[in-house]
Student: 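The structure that follows is given in the form of structure tokens.
Here is how names work: the chains are called A, B, and so on, in the same order as the sequence lines, proteins then strands, and each is numbered from 1.
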Amino acid sequence: MPSYAPAAEEIDDDDFIDDDDLPGPPSRSKKGGASGGKSGGKGKDPGRHAWEAEYKKSWDIVQEDESGSLESAVESLLARGRRKRALMADTPLRRSIIRHMFIIMDLSESMMDKDYRPTRFEVVLGYLRSYVVEWFDQNPLGQIGIIIMRDRLSEVLVPMGGNPQEILSVLSDKRRLEPSGEPSLQNGLVMAKGGMSHLPTTSSLETLIVFSSISTADPDGPTTIHNVLEDLVENKIRTTILSLAGEIKICRSISERTGGKFGVALDQDHLKDLMWETIPPPATTIAPPITIGVRNALSAAGKNASGSGGGKAPNGDLMVMGFPIQLPLGGETLCSCHGLLKRGGYLCPRCGSKLCDVPTDCEVCGLMVVSSPHLARSFWFLFPVANYGVLHIEDVMESSKSHTCTGCDVEFPDVSTIEEGVAQVEDGVSPTGRYRCAKCQNDFCADCDLYIHDTLHTCPGCAQ
Amino acid sequence: MAPLPSSHGSSSASHPKTTPPSVLLVIIDIHPLSWSLLASPPPLAPYPEHLGIDKAQASPMTLPDFVTILMGFLNAHLASRWGNEVVVYGASAGRAKLLYPPPSNAVAGPSKPRSNTYLPFQLLDSRIEEGLKEMALEERERLERGDVKSINHPPAMVSALTKALCFINRIIPNNANSAALMDPTATQDPNAPSTNGPDKPETRIMVINATPGENVSTAQSDSNENSTANGNTQNNGEASQSGKGGQMRGGYVGLMNCVFAAQKAKVPIDVLSLPPPSIDASPPIFLQQAAHLTEGIYWQWNGRGGLLQYLHALYLPPPSLRHHPFVVPPQDAVGFRAVCFCHHKTLDVGFVCSVCLSIFCEPRPVCLMCKTRFPIKSIPTLKSLATYIEPIPIPDTVPPPPVQKGAWSNQPAEHNKKERRKSAHNGDKAEPIEID
Amino acid sequence: MSSAYGDAYAVKMTSGVLVTCDSAAKQILLHLDSSREGLYKFMIRDVDETHLIIKREYVDEIKELLQDELEKNTYIQDPNL
Amino acid sequence: MVQPSFSHPRNDSSSSSTSPSPTAALDTFLDNQHQSYFEELYKSEAVCLCILRSLPPVCRHIILHHLWSHQPLRTTEVKSFVQMDVKASLEEVDEVMKPALKRKILHPMILKKGKNIWSSNDAFKRGLRNALTGLGTSNSFGVPYDRDDDAEIPSQEELVAYGEEAFEGILKYMVSSGLGIGFSVARPQPEVLELLHISGLMTDPTDETGQRPNINRMTITSKGFQFLLEDRQTQLWEILMYYLNAKEANSERSAEVLSMFFSLGCMQLGQDYSASKSFPHALSALNDLAQYGFIYRPSPDADQFFPTHLATALCSGDAATTKGQDVDEKRFLILETNYKIYAYTSNELEIAILNLFVDIRIRYPNLVVGKLDRKNVKSAMEKGISANQIISYLSSHAHPQMYNSPPPLLHPTIVDQLHLWDRERNRLKTEDTVMLEFFSKELFEDTVNEATTNAALQLSIPTQKFMFIEPQTKAAITDFVKERQNQLRSGF
């Protein structure tokens, strides 16, 4: 989460973008941020005021090239945004793969405000849909539940579960989600806590609150929201609050006390960034020894997520896992877990008994049964693709073995046409549009570079 | 608002009126060894109780033959809609190459169109032919250069897949999550207004595998799989020496990453496995997983000709029509087995590091990946568990694919074969029909 | 005697132009008609809510008139706005 | 006075704005042809290919699916393909394959050995197979002209420009004839005008007979105006079909010509072909097409010819024109809810067409600002242009920007208003009539029945025992009534 940026830094940030010579490393990231802000609002500082953010940037960054067209300038702008994201994508080795998260959604009147187009409600809903998908993409073994706050009440919209489709279907019917009344932060949190109480206290418990209104109407009585806060803290429920309206004391203190993040969204794009920041599994260092069994495994990985302690030699444990055979939907057969006739299902590789769903423990032989793709999802953490290096003109001149991108086979701009001077070399942006993999020495275009690092996680050159 | 895609209810049971143009990316495995094997297949076991079938004899399949068939199929794909496109990759030992479309700097197509061929067809066919010739030539050179080892590398499926995905990512950038540059809500929100212009093409990848066994997908992963017909035992050795990282990524993990990327891009990966059961006892399970996870179609040729038929029947309909109104042919049971990081064995049961979830085939004191130390004390118990594991003979749980729906999944093999012949037609055609 | 039956079964024939229109338009027509004298009255018969019978020779004139009437009743925005 | 018919502007606009199919004219033409005609057509591989592509996807894939097999297509197969219930009625299955049947690709369903089957048309099957394998012999994809390589040939752009100019020239002529506002347009060749007249797009108001028009005095008809609003592909096919019909009218064989159209559709832009070798039987037709800009010839009597994009785009299925930027060029309209229209175009023709129903206020080099106002729209409607046509024109030319606002594309207010204006035109429906007033209920009813059976009844109002009949049937009805009267009276 970017920190407040002092105005001063901002100024010089802007005017060094004006001149084209190479900037120093410290301002680099800021600059990236700025450019990002232009190209789809990547990495704006929440502290910066919207009007500053928008105006100055859009004028200052874009430069006309001598031909007077903005093309090149804009191009490089986008390129920079991309490069920045690619550079950010180096991942720590260990992450907690198994998470539980409640998304608490504010459905108060304020959600109907039109400061986001068409309404806050629409926008948030749209984002949540893709958020859930993305989240499960990166946390295959995680679970998400959804709680909504309206009319001073809170209800569990979707109980904790691992099935994105279910959640999406619920999120997609707007009629059930008509915003109304005021939110009650306290009720929401209490419900979240209740919803997660059955999980082992050591599990990675998180809540993401998208808070639209600027007040919370809590029930009066002995317990105040502060008591709730205490409970959250001791239950290690990490609470991240994103406010659409403005900074709210209680929200900030809650998220800070519980080790979560607090963010105020400047605009739609920024809101998206803030949300997406919470997707990648939190980096962890310690995995305590555990014994066989998925539930324990969950809790174990949970403890990783609770992320206490530093880099001392980590110790974990080996789990014995079986990789099942999935039966196609055919005739119905008896499943060992419920003893019901069901179609499809999985066969325990050790004892061959049929299980309805994985991951789970085989009811018969107690083996932990996990489908290998679930594990494989997280493997790209283990084999991150090396960042591709920028190729300068002379490099290409001497060693241009291919004219096309190794990934998408698009043709590179002809080197001979690029003159030294004109090509404005931003940091991390290749003047030749080529990026070379350190391992396999193949060249890639910016698109592929980004795609490979963001999504694919496999280098076409290195891959056999 | 013309460009609203597909599926207006038509008179006959809401069949889509139009389909988006579809791009078909084909990956051909042209590994010389595999093809030499396919060219001289062992005789098929006859079906005692179903003599009629043996009219169709085991037909040797040489690469040229197959390519002609394939071209017929690709032309049909081009024919079936305006704006349909084809991209072809060749995957040979350790290398993958784009065969079609030719790079724009290359001389475009033949000098003169033939008067009886639709020009696009002509371009496609001639170009593929050239491409294959080139690759074949390069292979020969490699042999002459005498690095026999490299020829024993498995076909570079993963490399080809990654290239294909990059290509897709280029023509349809929305698929990548680099959607930062376009209006967020427009791309995120399912019920956002449809963007203008001709509707977005749908893409699918088709992998044509000629290499038997699992060595196709997991690079050097089958020291224990004796199903490998071509002797890449020696480079298994080399693999385990040359340590995990690089090699690993080439195989299992790489393939899986591709699968997930494809899932994200909603690109089905169809798999056609040529080696008939007689050659290839165990299916290429990781390709099968890929097809399964991306909702693609997996099918194994039965070695009895009629390929063109099967291609048209199974793989021609575009994704938008596959589930409605058409039906996907019944798929087989899928073994979700994994590959261990230490010896690249294919495992039914393995030991998994609780921190980084890396998989090993035997208990070890330290995780190879994340250097996590495992408590020594637990090792004996694990050992005991390990000893307790007796691997199950595959045929009991995974029937030799492809088989009829789950109902059949543990029927005797004979029956399966018979069922398969039907299922292969995804309808109730009785026998394969030879092509004239 | 037969005359009585004659009455019972008598049929009156009128030929003219049958006008079918929405009730609003019809009201306008009625108004037009009422504003006219003797010969110039064009209406033969007010059939029902949406039907009239008028003299053939007036049809075109009536259409004109109606259009004008409607023009009067429609607000034309000042083109200079 | 708002009528329920368009109380749902959304559906209404969508239904009206989804143009049927650009090849509608072709389809209707083909639907009226006989087996023999198709047999003739399917001699050409190009035709087979195009016809196949013109089928709806499902049908198309079933045909392809079945292409390489020997057996006739079984109903049971089709059922299993499209997940139909096994017990589904034969009609349902037949419905799926209807398009193929209509195009005579399959012969009608017959019952054979207890199986319901369609046997397939061998001519088509052979044609399609050859198209795929390139083993045909009919030169239907055009015989390239063998020129010496250093020969100078026009670039694709030039060809496109040529085609556009030629065709738009005709359209402009039509517009200008209607509006009187003449931008200087060369008058098309007499043959073209001839066709325009025959097809009823233009007419000579001075000659009553309609037989002997003075082609120099022709003006555009309402049909012509409607034609102008169509999108390009539709226009092309309509023209071609008019041409074909004209040929049929003076009893020439049109099959070759039609198959030539398809062949042209399958040709390559920028490639030159030999007329005599490609279309030995349709040379004259080819010459005629030159007048519409379908093909370009270096010299009038040269054997060498280049198909322009008009020709090569003919078969490119649904709206997707071969050249991408064409699509963008078409999308230049921004329509605001206050009826203001911004048209980012400098295309004379488009502006002229806009001028039909838009009050154009400002003209910049590449921007025209106008207003949809009542006066112009109604004048356009006087010319015979319907509200739906205007709407579909607007939506098909809508600027990409307009797609970014939530649907519907055109704001309901405007769509409604257009419909209202359309209504205003005909508030009155007048028809000559004879009114009968009855006293006796039964006589009334009898007469009504009689009249309805003779289709003489215009309207009957049982409550008041009024009935209205067509004037020309007066005599007959009177007789009947008299008769009945007598019966009834004497019946006592």
Student: Does any backbone or side-chain atom of Ile44(C) lie under 4.5 Å from a heavy atom of chain D? Answer side chain, backbone, both or neither.
Tutor: neither
Student: So with a 6.0 Å cut-off around CZ of Arg36(C), is the heavy-atom count from everything else above 12?
Tutor: yes
Student: So for Glu431(D), is it side chain, backbone, both, or neither that comes closer than 4.5 Å to the heavy atoms of chain C?
Tutor: both
Student: Please classify the contact of Thr478(D) with chain C as side chain, backbone, both or neither, using a heavy-atom distance under 4.5 Å.
Tutor: both
Student: Run Phe466(D) and Arg45(C) through side-chain contact (heavy atoms from CB on, under 4.5 Å) and show every step you take.
Tutor: CA-CA 11 Å; Phe466(D) 290 160; Arg45(C) 185 81 184 240; 3.1 Å; yes
Student: Hey, does Gln458(D) have a side-chain heavy atom less than 4.5 Å from the side chain of His51(C)?
Tutor: no
Student: Select, from Leu66(C), Asp48(C), Val59(C), Val47(C), the one with the greatest count of heavy-atom pairs under 4.5 Å involving chain D.
Tutor: Val47(C)
Student: Tell me, side chain or backbone of Leu443(D) under 4.5 Å from chain C's heavy atoms, or both, or neither?
Tutor: side chain
Student: Report which part of Leu459(D) has an atom under 4.5 Å of a heavy atom belonging to chain C: side chain, backbone, both, or neither.
Tutor: side chain
Student: So what's closer than 4.5 Å to chain C heavy atoms on Lys482(D): side chain, backbone, both or neither?
Tutor: neither
Student: Of the backbone (N, CA, C, O) and the side chain (C-beta and beyond), which part of Asp432(D) lies under 4.5 Å from a heavy atom of chain C, both, or neither?
Tutor: both
Student: Are any of the side-chain heavy atoms of Met13(C) and Glu437(D) separated by less than 4.5 Å?
Tutor: no
Student: Tell me, for Phe468(D) versus chain C, whether the close heavy atoms (under 4.5 Å) come from the side chain, the backbone, both or neither.
Tutor: side chain
